[in-house]
There are 2 protein chains.
Amino acid sequence: MAQKQEYLSKNQQIVLNLIEKAKGPLKAYSILYDVQKKGIKAPLQVYRALEKLIKIGKIHKIESKNAFIACNNSECEISKATAFSICNNCEHVKEIKNTKLSKYLSNFQDNSGMKYKKYNLEFFGLCKNCKLKQ
Amino acid sequence: MAQKQEYLSKNQQIVLNLIEKAKGPLKAYSILYDVQKKGIKAPLQVYRALEKLIKIGKIHKIESKNAFIACNNSECEISKATAFSICNNCEHVKEIKNTKLSKYLSNFQDNSGMKYKKYNLEFFGLCKNCKLKQ
DNA sequence: CTTAATTTGTTATAATATAACGTTTGTTAT
DNA sequence: ATAACAAACGTTATATTATAACAAATTAAG
Ligand SMILES: [Zn+2]
Ligand SMILES: [Zn+2]
Ligand SMILES: [Zn+2]
Ligand SMILES: [Zn+2]
């Protein structure tokens, strides 16, 4: 479990702080808007920070939403096995921590002869709250 | 297995034909370029056709690539359980048909109380061909 | 036929993401 | 300390992906 220490740069830290205190996934341009007071002025500065944070597993991209969320899984230094639950009604998103699921998918093999190094899974449905209100 | 007959409109049929004869996923603006000779002139005409084709399960969107691929699975009238393998080298994409996998994921439950109605899974790795060349 | 629903055509614009360039800062090895 | 390299930064411009808004035309259903 030796964890590689990663020193974040100023912009990376600013962006990560924002994403970590957010309740849900954030969009790049909403991040940009929020960090302007900290001196980040251009989209590229945000996208570069996001790219690095994804690479080291601090955040993940929710592909179906083009949005970014803090990692909720201590085993995610590199984001090579991610799963999310997404509510279609309130847009609530949560990273799924489930050892059985991640083992099943990490070991998955089909007949294509392809060896998978990475996966991303997105589940959609209604969260507990929204189910009650229906 | 009663299959609901869907009559496609002109634009929908044009776009579907193109996607079905393509070897891999196509991007919206590349589709637009290719169908201009058929009279489709604007992005919206393509996006509207794509939206409908997705809805009835004739095609799927590869979220990580913003690209669209023909369905390869006869059980996919509605795209509520999709899985793809994606080669990181040659970008080859294939829809995974695997009953065990789809059963496992369709029945998946975690402790969140959420009942999932839909999922999308994308596997990444090296395809057989690209593995040999390394 | 009439009404409703879907699809179309068109223009404009929004939202998401990257290219290219030169500068600055941080790390590593002599 | 300083040269050499890599990473991050700042900035401007531009590419790519996707939707809003509105009116006309076509198609399905009663
Ligand atoms: Zn994670
Ligand atoms: Zn909800
Ligand atoms: Zn399919
Ligand atoms: Zn390949």
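We use all heavy atoms of the structure for the numbers below, so side chains are in, but hydrogens, waters and symmetry mates are not. Residue numbers start from 1 in every chain, and the chains themselves are labelled A, B, ... in the order their sequence lines are given, proteins ahead of strands.
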Sugar-phosphate, base or nothing in reach of A:Lys65, heavy atoms under 4.0 Å: nothing
Verdict with reasoning, B:Phe123 to A:Ser112, per side chain to side chain contact (heavy atoms under 4.5 Å, CB included): CA-CA 12 Å; B:Phe123 278 111; A:Ser112 71; over 6 Å; no
Contact interval (first through last nucleotide) of DNA chain D with protein chain A, 4.0 Å heavy-atom: D:dA8 to D:dT12
Worked check of ring pair (Phe, Tyr, Trp, His ring centres under 6.0 Å) between B:Phe124 and A:Tyr116: CA-CA 6 Å; B:Phe124 303 87; A:Tyr116 302 118; 9.1 Å; no
N or O in side chain of A:Tyr47 less than 4.0 angstrom from C:dT18 OP1/OP2: no
Members of residues 18-45 of chain B that approach DNA chain C, where some heavy atom sits under 4.0 Å away: B:Lys41, B:Ala42, B:Leu44, B:Gln45
A:Asn66 side-chain N/O to C:dT16 phosphate OP1/OP2 under 4.0 Å: no
Note, B:Leu121 side chain near B:Phe84 side chain (heavy atom, < 4.5 Å): no
Short N-O contact, B:Glu91 and B:Lys65, less than 4.0 angstrom: yes
Integer-rounded Å distance: C:dT16 P and B:Glu63 CD: 13 Å
Test ring pair (Phe, Tyr, Trp, His ring centres under 6.0 Å) applied to A:Tyr47 - qualifying residues, sequence neighbours left out: none
Protein-nucleotide distance (A:Ile54, atom CD1; C:dT16, atom C1'), rounded to Å: 13 Å
N/O donor-acceptor pair under 3.5 Å between B:Lys41 side chain and B:Gln36 backbone: no
Donor-acceptor contact present, side-chain A:Glu122 to main-chain A:Glu63, <3.5 Å: yes
Euclidean distance, atom OH of residue B:Tyr7 to atom C1' of C:dA5 [Å, nearest integer]: 18 Å
Toward the 5' end of DNA chain D, by each residue's nearest nucleotide, B:Phe68 or B:Arg48: B:Phe68
Non-hydrogen side-chain atoms of B:Leu26 and B:Phe68 separated by less than 4.5 Å: no
Protein-nucleotide distance (A:Lys10, atom NZ; C:dT25, atom P), rounded to Å: 10 Å
Residue A:Lys115 excluded, over 12 heavy atoms near NZ under 6.0 Å: yes
Complementary nucleotide for C:dT30 - Watson-Crick or wobble, under 3.5 Å: D:dA1
Nucleotide C:dA5, atom P - distance to NZ of B:Lys55 in whole Å: 13 Å
Distance in angstrom units between A:Glu51 CD and C:dA19 C1', rounded: 13 Å
